[in-house]
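It should be emphasised that the depicted structure is a prediction, and the values quoted were computed from it without experimental measurement.
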Amino acid sequence: MFSVIIPTYKEPEYLDLCLKSAFEGQDNDNEIIVVVDGYYELNKPILDKYPKVNVLDLGSNQGLSVATNWGVYNATKEWIIVVNDDNVFPEHWDTRLEIFCQKGVVVSLNQIEPNPSIFPQFIIKDLGKSPEEFDLETYWKFEASQYKQAELNGSTLPFLMNKYDYLAVGGWDVMYPSPHVVDWDFFLKCEYVGYIMKRVYVHFYHFAGAATRKTPEQNDESTRKELDAHVFFNNKWDSPSEHNNLDNSKLLRKFKNH
C-alpha cells in the first residue's frame, strides 16, 4: 500500500475531485494525507466528506515545499506518491502502480492535460478545464485506452518513490523563495545521486494551473517570484536550470560526466 501526499491551498473544488477519484479509484486501503497549507476553514467542508483522510494543518501558508516535506515525514508507508490537488486519479491506480515500487527509482506518473505542454510525453486531451466540466467515468474510460510501455524519461509530477530515498536527498528545498523551480531542483538531486528516472503511462489528469488562475497583478508577482527562484537555483548550483525535452533530464551538463 501507499502513502499519498496531497498538499493543498485554497481550491477546495479541485481537492474534492482529487479525493473522490483517489478513494473511488483505489483497490486497497491506502493512506491519503492532505497537507493544508493555510485556509483550513475553506477546505474543512471537503475534508469532512472524507473521514479516512489524514489531515495535516500547517496553520498558515508555509509554502509548497514545506507542505510536501511534512506530508512525507508523516507518511507511515514505505512507498509515497506526491500528487497535486488539481490532479485526478486513474481507475485502479494503486494495483497498477505496485509493480513499479523499487528502491533507487523515481517513477513519474504521466499526465493528461487540456492544454499544450512543454512535456512531449503528456497526452493533450481536453476532458474539462474545471471540476464542473469534468466527468470521472469518461476520463477513466479514455485513460484505460492509453497504455504504453514504461520509459526512462521521468522528472515530472506526480511521482512515486521510496520514502527513505526521498529523505536521503533532503526532500524539497524549503529555502527557495517560491514554489517555482524547486521541483526541478528535487529531480536534479535525484539524478545526481544516481536514482533511475522512470515514466509509467498510468495517466493522472491535471487541470494544469487552472486551479491557480491569477489576476494580472498576481501574474506579475508570480513572474517576479519565478525569476527570484531561478536566481536562487543559479546561486545554489552555479548554473542556470536545464531541461532536456527528450528524456526530461534536469541533470546539469557540468555533472553528466562525473
Can a donor-acceptor pair be found between the side chains of W172 and D185 at a distance below 3.5 Å? no

Exercise. Do side-chain atoms of N110 reach the backbone of V202 as a donor and acceptor pair under 3.5 angstrom?
Worked result: no

Contact between Q111 and T156 at the side-chain level, heavy atoms closer than 4.5 Å - yes or no? no

Hydrophobic clustering (ILVMFWY, side-chain heavy atoms < 4.5 Å, transitive) - are L58 and V4 grouped together? no

task = Decide yes or no for K254 and D238: does some side-chain heavy atom of the first lie under 4.5 Å from some side-chain heavy atom of the second?
result = yes

Interatomic distance, CD@E113 vs NZ@K125, rounded to 0.5 Å, equals 15.0 Å

Going by atom types only, do N87 and H206 share a side-chain donor-acceptor pair under 3.5 Å?
no

- Task: Kindly say whether L136 contributes a backbone atom to a donor-acceptor pair with the side chain of K141 at under 3.5 angstrom?
- Result: no

Report task. Verify whether one side chain among N153 and E151 offers a donor that lies under 3.5 Å from an acceptor in the other. Result -> yes

Taken to the nearest 0.5 Å, the spacing of H92 NE2 from L97 CG works out to 12.5 Å

- Query: Would N162 and C101 satisfy side chain to side chain contact (heavy atoms under 4.5 Å, CB included), going step by step from the backbone distance to the final call?
  - Reply: CA-CA 7 Å; N162 181 273; C101 294; over 6 Å; no

Handout entry: Expected output: side-chain Y195 to main-chain D165 donor-acceptor under 3.5 Å
Key = yes

In short, Y205 meets G128 closest at the heavy-atom pair OH-O, 2.7 Å

Practice prompt. May I ask you to decide if the ring planes of W93 and F2 are parallel, tilted or perpendicular, using 30° and 60° as cut-offs?
Written response: tilted

Checking the side chain of Y40 only, and the main-chain atoms of S60 only, is there a donor and an acceptor separated by less than 3.5 Å?
no

If the plane angle is over 60° it's perpendicular, under 30° parallel, otherwise tilted; pick one for Y139 and F134. tilted

Q.
Side chains of N28 and E98 only: does a donor on one sit below 3.5 Å from an acceptor on the other?
A. yes

Do L109 and L157 belong to the same hydrophobic cluster, where Ile, Leu, Val, Met, Phe, Trp and Tyr are linked whenever their side-chain heavy atoms lie under 4.5 Å apart, directly or via other members? no

Fill in: Step-by-step side chain to side chain contact (heavy atoms under 4.5 Å, CB included) determination, V34 to N54
CA-CA 6 Å; V34 173; N54 293 345; over 6 Å; no

Would the F89 and F23 ring centres measure less than 6.0 Å apart?
no

message = I want to check something: taking the side chain as every heavy atom from C-beta on, are V106 and I196 in contact at a cut-off of under 4.5 Å?
response = no

query = Is NZ or CZ of K129 both nearer than 6.0 Å to the six-membered ring centre of F207 and within 45° of the ring axis?
reply = no

Open item on the list: Whether the side chain of K77 engages the backbone of A75 through a donor-acceptor N/O pair (distance < 3.5 Å, no angle test) should be reported.
Closed with: no

**Item:** Worked check of side-chain hydrogen bond (donor to acceptor under 3.5 Å, both in side chains) between Y50 and D16
**Value:** CA-CA 9 Å; Y50 303 96; D16 189 9; 2.5 Å; yes

Would K236 and D173 satisfy salt bridge (charged side-chain N to carboxylate O under 4.0 Å, His left out), going step by step from the backbone distance to the final call? CA-CA 11 Å; K236 176 178 179 178; D173 187 345; 2.8 Å; yes

Given R253 and E242, is the salt bridge (charged side-chain N to carboxylate O under 4.0 Å, His left out) satisfied, shown in steps?
CA-CA 8 Å; R253 280 171 285 182; E242 297 176 3; 3.2 Å; yes

Connected via hydrophobic side-chain network under 4.5 Å: L127 and L17: yes

Below 30° counts as parallel, above 60° as perpendicular, anything between as tilted: where do the rings of F119 and H243 land?
perpendicular

Any donor-acceptor pair under 3.5 Å linking the side chain of E91 with the backbone of G25?
no

Fill in: P158 side chain near N84 side chain, heavy-atom distance below 4.5 Å
no

After noting the C-alpha distance and the side-chain angles of S241 and H230, does the key distance pass the side chain to side chain contact (heavy atoms under 4.5 Å, CB included) rule? CA-CA 7 Å; S241 58; H230 278 285; 3.4 Å; yes

Practice item. Give the C-alpha distance, both sets of side-chain angles, the deciding distance and a yes or no for side-chain hydrogen bond (donor to acceptor under 3.5 Å, both in side chains) between S155 and R199. Key: CA-CA 8 Å; S155 301; R199 177 178 306 279; over 6 Å; no

Taken to the nearest 0.5 Å, the spacing of D135 CG from W140 CH2 works out to 10.5 Å

Side chains of S178 and R224: donor-acceptor distance under 3.5 Å anywhere?
no

So does K163 have more than 12 non-hydrogen atoms from other groups sitting under 6.0 Å from NZ?
yes

Are R96 and E143 close enough, and set up right, to give a salt bridge (charged side-chain N to carboxylate O under 4.0 Å, His left out), and what steps lead you there?
-> CA-CA 13 Å; R96 294 167 64 190; E143 191 278 330; 2.9 Å; yes

Count I, L, V, M, F, W, Y as connected when their side-chain heavy atoms are under 4.5 Å apart, and connections chain through other members. Are W70 and V36 then in the same cluster? no

Q: Decide yes or no for M197 and C190: does some side-chain heavy atom of the first lie under 4.5 Å from some side-chain heavy atom of the second?
A: yes

Query raised in the report: Hey, does the side chain of E13 reach the backbone of P131 with a donor-acceptor pair shorter than 3.5 angstrom?
Result: no

Test your reading of the model: is there a side-chain donor-acceptor pair from K189 to the backbone of V169, 3.5 Å cut-off?
yes

**Request:** Report, as yes or no, whether the 6.0 Å neighbourhood of atom CH2 on W184 holds more than 12 heavy atoms from other residues, nucleotides or ligands.
**Result:** yes

Which of L47, L19, I46, D85 passes side chain to side chain contact (heavy atoms under 4.5 Å, CB included) with T8? It is D85

- Exam field: side chain N43 to backbone Y9, donor-acceptor pair closer than 3.5 Å: yes

Chi angles and distances behind the side-chain hydrogen bond (donor to acceptor under 3.5 Å, both in side chains) call for N69, Y166: CA-CA 9 Å; N69 286 343; Y166 180 99; 2.6 Å; yes

(request) Treating Ile, Leu, Val, Met, Phe, Trp and Tyr as nodes and any side-chain heavy-atom pair under 4.5 angstrom as an edge, say whether L188 and V231 lie in one connected cluster. (result) no

In short, A208 meets D86 closest at the heavy-atom pair N-OD2, 3.7 Å

With a 4.5 Å cut-off on side-chain heavy atoms, are P240 and F233 touching? no

Distance-only donor-acceptor check, side chains N61 and D37, under 3.5 Å = yes

Test item: Y192 and L251 side chains (from C-beta on) under 4.5 Å apart, heavy atoms | yes

Shortest non-hydrogen pair, S65 vs V182, comes out as OG-CG2, 3.4 Å

Requested in this report: Name the orientation class of the two ring planes belonging to F232 and Y176 (parallel below 30°, tilted from 30 to 60°, perpendicular beyond 60°).
Outcome: tilted

- Hey, does Y73 have a side-chain heavy atom less than 4.5 Å from the side chain of L167? yes

Check: Given the side-chain rings of Y201 and H203, with only the six-membered ring counted for Trp, is the space between their centroids under 6.0 Å?
Finding: yes

### Task
Look at the side chain of S249 and the backbone N and O of N244, then say whether any donor-acceptor pair between them is shorter than 3.5 Å.
no

Item to complete: Could you walk me through whether N115 and I124 pass the side chain to side chain contact (heavy atoms under 4.5 Å, CB included) test, one step at a time?
Response: CA-CA 6 Å; N115 299 311; I124 308 305; 5.9 Å; no

